[in-house]
Amino acid sequence: MSSKLIQPPPMAASLGAISKTTGNLKMLLSSSNFNNKTLSFSDNSFRLRPMFIGKVTEQSSASSPNEQQEAEEEEEEDITVFQIKEELYEALQGINRGIFGVKSEKKAEIERLVKLLECRNPTPEPTGELDKIGGCWKLIYSTITVLGSKRTKLGLRDFVSLGDLLQQIDIAQGKTVHVLKFDVRGLNLHDGEFRIVANFEIISKTSVEITYESSTIMPDQLMNIFKRNMNLLLGIFNPEGLFEISYLDEDLQVGRDGKGNVFVLEKTEEP
């Protein structure tokens with residue numbers, strides 16, 4: 001048996017055959033005889049069109065920092081005084097008026113709410129409406145703090161408890177009395193008081209100048225506890241100096257002293 005060497009077809013011929021077989025043939029469905037399903041194919045040549053696959057950049061739905069800031073500012077503009085007060089009272093929960101320190105995040109939150117109130121002050125010239133200022137006010141927040149060794153020296157950790165801090169304003173006399181309430185557990189002493197009497201003078205439409213006059217501690221047992229650190233106690237709570245009333249309505253007052261400390265007080269009954 002003789003064998004024959006089969007040569008492969010020429011490359012051009014092969015490409016031609018492939019082109020005929022796999023080319024882009026246009027299929028036509030004969031509408032004249034649909035039942036016979038006659039299919040005819042045209043041998044028309046076609047051109048390959050290059051396909052470009054690109055990534056379409058989608059516009060992010062997230063707002064830019066500037067847009068977010070504008071939205072927050074608009075939201076703050078729409079918030080009412082009642083809502084700000086609600087948020088402020090909630091923020092003040094559990095911090096003991098801030099006297100013994102507040103975390104920076106909480107302090108920033110309170111400062112933001114205080115500034116929102118100040119922007120909505122219904123009494124822009126408070127010293128011209130003294131009837132609103134007069135009476136008794138209770139401190140609910142202050143940036144004045146008693147920390148570290150000061151707190152230890154004053155016994156304000158376990159032995160002595162700091163109660164209400166009141167401000168009694170007598171418009172007719174031009175006087176203010178700051179009252180600090182103390183309880184001493186070890187001596188079964190309740191309602192001890194440290195009183196600071198001061199005069200005030202109106203110096204602008206929003207500010208008064210406070211001048212220290214005198215201070216007393218009652219009863220004697222409480223005086224015995226604080227007598228070694230009387231100057232320290234007075235140095236912390238002495239109201240002397242400039243005091244600007246930055247917000248005032250019938251039941252809430254916000255003020256700032258010459259050192260930048262913030263005070264938030266609510267109207268209360270005389271003790």
Side-chain angles (χ1 to χ4, degrees), residues 92 96-100 123 126-146 150 154-156 160-184 189-271:
L92 296 178
N96 198 2
R97 296 153 293 184
I99 295 294
F100 302 119
T123 316
T127 57
E129 300 185 42
L130 296 180
D131 56 319
K132 288 186 179 181
I133 301 174
C136 188
W137 299 83
K138 181 171 70 174
L139 184 75
I140 60 175
Y141 175 72
S142 174
T143 54
I144 286 180
T145 56
V146 184
K150 292 182 180 180
L154 294 174
L156 295 175
V160 181
S161 297
L162 182 61
D164 288 339
L165 285 81
L166 305 174
Q167 183 186 57
Q168 300 168 350
I169 301 175
D170 187 336
I171 299 300
Q173 297 293 325
K175 289 185 179 294
T176 174
V177 180
H178 293 252
V179 181
L180 284 70
K181 297 280 191 177
F182 293 97
D183 290 336
V184 184
L189 172 65
H190 304 285
D191 296 328
E193 291 183 356
F194 176 45
R195 287 176 170 260
I196 304 173
V197 180
N199 302 309
F200 69 86
E201 179 185 359
I202 296 173
I203 61 172
S204 75
K205 295 178 180 180
T206 60
S207 304
V208 296
E209 184 73 28
I210 300 174
T211 306
Y212 170 82
E213 183 177 294
S214 63
S215 58
T216 56
I217 295 181
M218 300 178 294
D220 291 340
Q221 296 107 308
L222 190 62
M223 182 62 188
N224 292 333
I225 295 173
F226 287 127
K227 63 182 179 181
R228 292 183 179 179
N229 296 293
M230 186 68 179
N231 290 335
L232 175 60
L233 186 64
L234 184 59
I236 295 171
F237 295 105
N238 186 358
E240 189 168 56
L242 178 70
F243 188 80
E244 181 181 7
I245 303 168
S246 54
Y247 179 90
L248 178 68
D249 63 21
E250 290 76 13
D251 55 20
L252 197 70
Q253 178 187 167
V254 177
R256 296 175 183 267
D257 67 11
K259 299 176 182 178
N261 291 307
V262 177
F263 302 84
V264 181
L265 307 101
E266 65 177 3
K267 202 71 175 284
T268 187
E269 296 294 329
E270 294 282 347

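Heads up: numbering here begins at 1 and tracks the sequence. Because the structure is predicted, anything quoted here is derived from the model rather than measured.
A donor-acceptor pair under 3.5 Å is formed between the side chain of Thr143 and the backbone N or O of Val262. Between the side chain of Thr123 and the main chain of Pro126, no donor-acceptor pair closer than 3.5 Å is present. Side chain of Thr206 to backbone of Ile245: no donor-acceptor contact under 3.5 angstrom is found.
Just one of Asp164, Leu165, Leu139 meets the side chain to side chain contact (heavy atoms under 4.5 Å, CB included) condition when paired with Leu180; it is Leu165. The only option from Val254, Ile140, Ile144 that meets the side chain to side chain contact (heavy atoms under 4.5 Å, CB included) definition with Phe263 turns out to be Ile144.
In this structure Asp257 satisfies the salt bridge (Lys or Arg N to Asp or Glu O under 4.0 Å) test with no other residue, sequence neighbours excluded.
Side-chain contact between Leu154 and Leu233 is present, with at least one heavy-atom pair separated by less than 4.5 Å. Taking the side chain as every heavy atom from C-beta outward, Ile225 and Met223 never approach each other to under 4.5 Å. The side-chain heavy atoms of Thr145 and Ile99, taken from C-beta on, include no pair separated by under 4.5 Å. Annotation: side chain of Arg97 is in contact with side chain of Leu162 (closest heavy-atom distance under 4.5 Å). Side-chain atoms of Asp170 and Thr176, non-hydrogen and from C-beta on, never get closer than 4.5 Å to each other. A 4.5 Å side-chain heavy-atom check between Ile202 and Leu130 finds at least one atom pair inside the cut-off. Counting heavy atoms from C-beta on, the side chains of Ile203 and Leu242 come closer than 4.5 Å. Looking only at side-chain heavy atoms (C-beta outward), Val177 and Ile196 stay at 4.5 Å or farther from each other.
The stretch residues 233-248 participates, sequence neighbours left out, in these side-chain hydrogen bond (donor to acceptor under 3.5 Å, both in side chains) pairs: Glu118-Ser246, Tyr247-Asp249. Pairs passing the salt bridge (charged side-chain N to carboxylate O under 4.0 Å, His left out) check and including a residue from residues 211-230, sequence neighbours excluded, read Lys175-Glu213.
Residues Thr127 and Ser204 come closest through the heavy atom pair OG1-O, 2.7 Å. Smallest separation of non-hydrogen atoms from Phe194 and Ser215: CE1-CB, 3.8 Å.
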Discussion item. Using side-chain contact (heavy atoms from CB on, under 4.5 Å), reason through Arg195 and Gln168 one step at a time and then give a plain yes or no.
Written reply: CA-CA 10 Å; Arg195 287 176 170 260; Gln168 300 168 350; 4.0 Å; yes
Worksheet item: Given the rule in the side-chain contact (heavy atoms from CB on, under 4.5 Å) test, do Gln167 and Leu265 qualify, once you have shown the distances and angles that lead to the verdict?
Response: CA-CA 9 Å; Gln167 183 186 57; Leu265 307 101; 3.9 Å; yes
Worksheet entry | side chain to side chain donor-acceptor pair (under 3.5 Å) evaluation trace for Thr211 with Asn199 | CA-CA 5 Å; Thr211 306; Asn199 302 309; 6.0 Å; no
Practice prompt. Test side-chain contact (heavy atoms from CB on, under 4.5 Å) on Val264 and Trp137 and set out the steps.
Written response: CA-CA 9 Å; Val264 181; Trp137 299 83; over 6 Å; no
Worksheet item: Is there a side-chain contact (heavy atoms from CB on, under 4.5 Å) between Tyr212 and Val197 once you walk through the steps?
Response: CA-CA 7 Å; Tyr212 170 82; Val197 180; over 6 Å; no
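Taking the six-membered ring for Trp and the full ring otherwise, Phe182 and Phe226 have centroids separated by under 6.0 Å.
The 12-atom threshold is exceeded at NZ of Lys267, counting heavy atoms of other residues, nucleotides or ligands nearer than 6.0 Å. Residue Glu266 places its CD atom among more than 12 non-hydrogen atoms of other residues, nucleotides or ligands, all under 6.0 Å distant. Residue-environment remark: NZ (Lys132) exceeds the threshold of 12 foreign heavy atoms within 6.0 Å.
A distance of 10.0 Å separates CG of Asn96 from CG of Leu156, quoted to the nearest 0.5 Å.
Using a 4.0 Å cut-off between charged nitrogen and carboxylate oxygen, Glu193 and Lys181 count as a salt-bridge pair.
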